[in-house]
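All remarks here apply to the structure that follows.
What you see below is based on every heavy atom in this structure, not just the backbone, and it leaves out hydrogens, waters and symmetry mates. These numbers come from a predicted model, not from an experiment.
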Amino acid sequence: MAIREIIVAPDPRLKITAKPVAKVDGEVRRLMDDMLETMYRAHGIGLAAPQIGSDLRVVVCDVARANEEAQPIHLANPEVVWASGELLLREEGCLSVPEHYAEVERPAEVKIRYLDREGKERELHATGLLSVCLQHEIEHLDGTLFIDHLSRVKRDIILRKLKKTQRLAEPA
Ligand code: NI
């Protein structure tokens, strides 16, 4: 396993439409393992492949608390196949939008269909934080970030601050 660099917005690699995984083989499992290790290192609860520069529809997620045993979920080609009419407003952040948080409204519960780490088709009914996390990560696969749910003014303020931080971080 290896730690990969997490891409920070604004970056065109975060805006791609990722490609379906043809088969969950050793290479895809390695990608999932690298993503999970990178996510844990960054103290995140979810990560999508485009965030480390891959163009595959792969997501990892673990919403267990720090004092609980890890509960990693590996998903290839995840799809929301059902969403509740009931909505939930919750504060979100993103490893690609560091240090910025905002409330986003999403369906409270979803049903996700995906291939697991062994390539087996599965369905998952997600509620609460897991539901929010999976919806957020699946949107990354189509180039959507949580800040795209905000007003243009709010989004532009965040992107401007991120650009400024990146400029300051560059060596002179
Ligand atoms: Ni994110």
Side-chain angles (χ1 to χ4, degrees), residues 1-7 9 13-97 103-149:
M1 294 207 282
I3 304 280
R4 309 273 291 263
E5 191 194 333
I6 297 173
I7 296 168
R13 290 171 292 176
L14 294 171
K15 304 308 289 177
I16 63 162
T17 299
K19 294 184 301 197
V21 170
K23 183 171 183 283
V24 181
D25 56 13
E27 205 171 314
V28 171
R29 275 192 281 277
R30 200 148 46 238
L31 172 66
M32 288 171 162
D33 293 346
D34 284 356
M35 285 169 61
L36 209 53
E37 196 180 358
T38 303
M39 181 194 89
Y40 285 137
R41 175 67 67 91
H43 304 289
I45 59 169
L47 194 70
Q51 293 181 273
I52 59 161
S54 159
D55 65 351
L56 291 177
R57 301 187 80 82
V58 171
V59 161
V60 293
C61 172
D62 187 342
V63 298
R65 290 170 202 275
N67 59 349
E68 290 174 343
E69 204 177 317
Q71 291 163 25
I73 305 175
H74 310 74
L75 309 95
N77 303 342
E79 261 181 284
V80 177
V81 293
W82 173 83
S84 65
E86 189 200 337
L87 301 177
L88 183 69
L89 186 67
R90 199 166 178 137
E91 186 171 77
E92 295 186 24
C94 178
L95 295 175
S96 293
V97 188
E103 284 189 323
V104 176
E105 194 172 46
R106 300 182 184 274
E109 299 184 18
V110 286
K111 201 155 120 197
I112 310 284
R113 190 175 296 152
Y114 66 101
L115 301 175
D116 70 11
R117 198 175 174 281
E118 313 309 320
K120 187 168 172 261
E121 187 173 298
R122 286 180 178 270
E123 267 188 13
L124 173 66
H125 186 129
T127 63
L129 183 57
L130 182 60
S131 167
V132 173
C133 180
L134 288 172
Q135 292 178 67
H136 173 124
E137 300 311 331
I138 290 170
E139 282 189 348
H140 269 295
L141 303 178
D142 292 305
T144 300
L145 305 178
F146 81 94
I147 53 174
D148 294 320
H149 290 274

Working to the nearest 0.5 Å, report the span between [atom1] of [X] and [atom2] of [Y].
X: E139; Y: T144; atom1: CD; atom2: OG1; value: 5.5 Å
X: L47; Y: R41; atom1: CG; atom2: CZ; value: 14.0 Å
X: L31; Y: L56; atom1: CG; atom2: CG; value: 6.5 Å
X: H74; Y: R122; atom1: NE2; atom2: CZ; value: 11.5 Å

Inset, instruction - Could you walk me through whether H149 and E105 pass side-chain contact (heavy atoms from CB on, under 4.5 Å), step by step? - result: CA-CA 8 Å; H149 290 274; E105 194 172 46; over 6 Å; no
Inset, instruction - Going by the side-chain contact (heavy atoms from CB on, under 4.5 Å) test, name the single residue among I138, L134, L75 that passes it with Y114. - result: L75
Legend entry - side-chain contact (heavy atoms from CB on, under 4.5 Å), paired with C61, selected from I45, L130, L124: L130
Inset, instruction - Assess whether side-chain contact (heavy atoms from CB on, under 4.5 Å) is satisfied between R57 and D142, documenting all intermediate values. - result: CA-CA 9 Å; R57 301 187 80 82; D142 292 305; 3.0 Å; yes
Inset, instruction - Using atom types as modelled and distance alone, determine if a side-chain donor or acceptor of D62 lies under 3.5 Å from a backbone N or O of A64. - result: yes
Contacts under 3.5 angstrom, residues 86-94 side chains, donor-acceptor by atom type, not counting sequence neighbours:
| from | atom 1 | to | atom 2 | distance (Å) |
| --- | --- | --- | --- | --- |
| E92 | OE1 | R106 | NH2 | 3.1 |
| E92 | OE1 | H136 | ND1 | 2.9 |
| E92 | OE2 | R106 | NE | 2.7 |

Check whether any side-chain heavy atom of [X] lies under 4.5 Å from a side-chain heavy atom of [Y], and answer yes or no.
X: L141; Y: V59; value: yes
X: V60; Y: D33; value: no
X: E79; Y: I112; value: no
X: V80; Y: P107; value: no
X: W82; Y: H125; value: yes

Where is the tightest heavy-atom contact between [X] and [Y], given as atom of each residue plus distance?
X: H140; Y: P50; value: O-CG, 3.9 Å
X: A2; Y: E37; value: N-OE1, 3.1 Å
X: L145; Y: A9; value: CD1-CB, 3.9 Å
X: R117; Y: R29; value: O-NH1, 3.0 Å
X: D148; Y: G143; value: OD2-O, 3.9 Å
X: S96; Y: I7; value: OG-O, 2.7 Å

Inset, instruction - Any chance you could lay out the side-chain contact (heavy atoms from CB on, under 4.5 Å) test for L95 and T38, step after step, and finish with the verdict? - result: CA-CA 10 Å; L95 295 175; T38 303; over 6 Å; no
Inset, instruction - Kindly check if the number of other-residue, nucleotide or ligand heavy atoms within 6.0 Å of NZ (K111) is above 12? - result: no
Inset, instruction - Return yes when atom CD of E5 has more than 12 non-hydrogen atoms of other residues, nucleotides or ligands closer than 6.0 Å, and no otherwise. - result: no
Inset, instruction - Go through the steps to decide whether E109 and S131 satisfy the test side chain to side chain donor-acceptor pair (under 3.5 Å), and finish with yes or no. - result: CA-CA 6 Å; E109 299 184 18; S131 167; over 6 Å; no
Under 3.5 Å, which donor-acceptor pairs link side chains of residues 20-28 to any protein atom two or more places apart or in another chain?
| from | atom 1 | to | atom 2 | distance (Å) |
| --- | --- | --- | --- | --- |
| D25 | OD1 | E27 | N | 3.2 |
| D25 | OD1 | V28 | N | 3.0 |

Inset, instruction - Begin from the C-alpha positions of V110 and Q135 and carry the test side-chain contact (heavy atoms from CB on, under 4.5 Å) through to its verdict. - result: CA-CA 8 Å; V110 286; Q135 292 178 67; 3.6 Å; yes
Inset, instruction - Give a yes or no on whether a salt bridge exists between E123 and R113, defined as a side-chain N under 4.0 angstrom from a carboxylate O. - result: yes
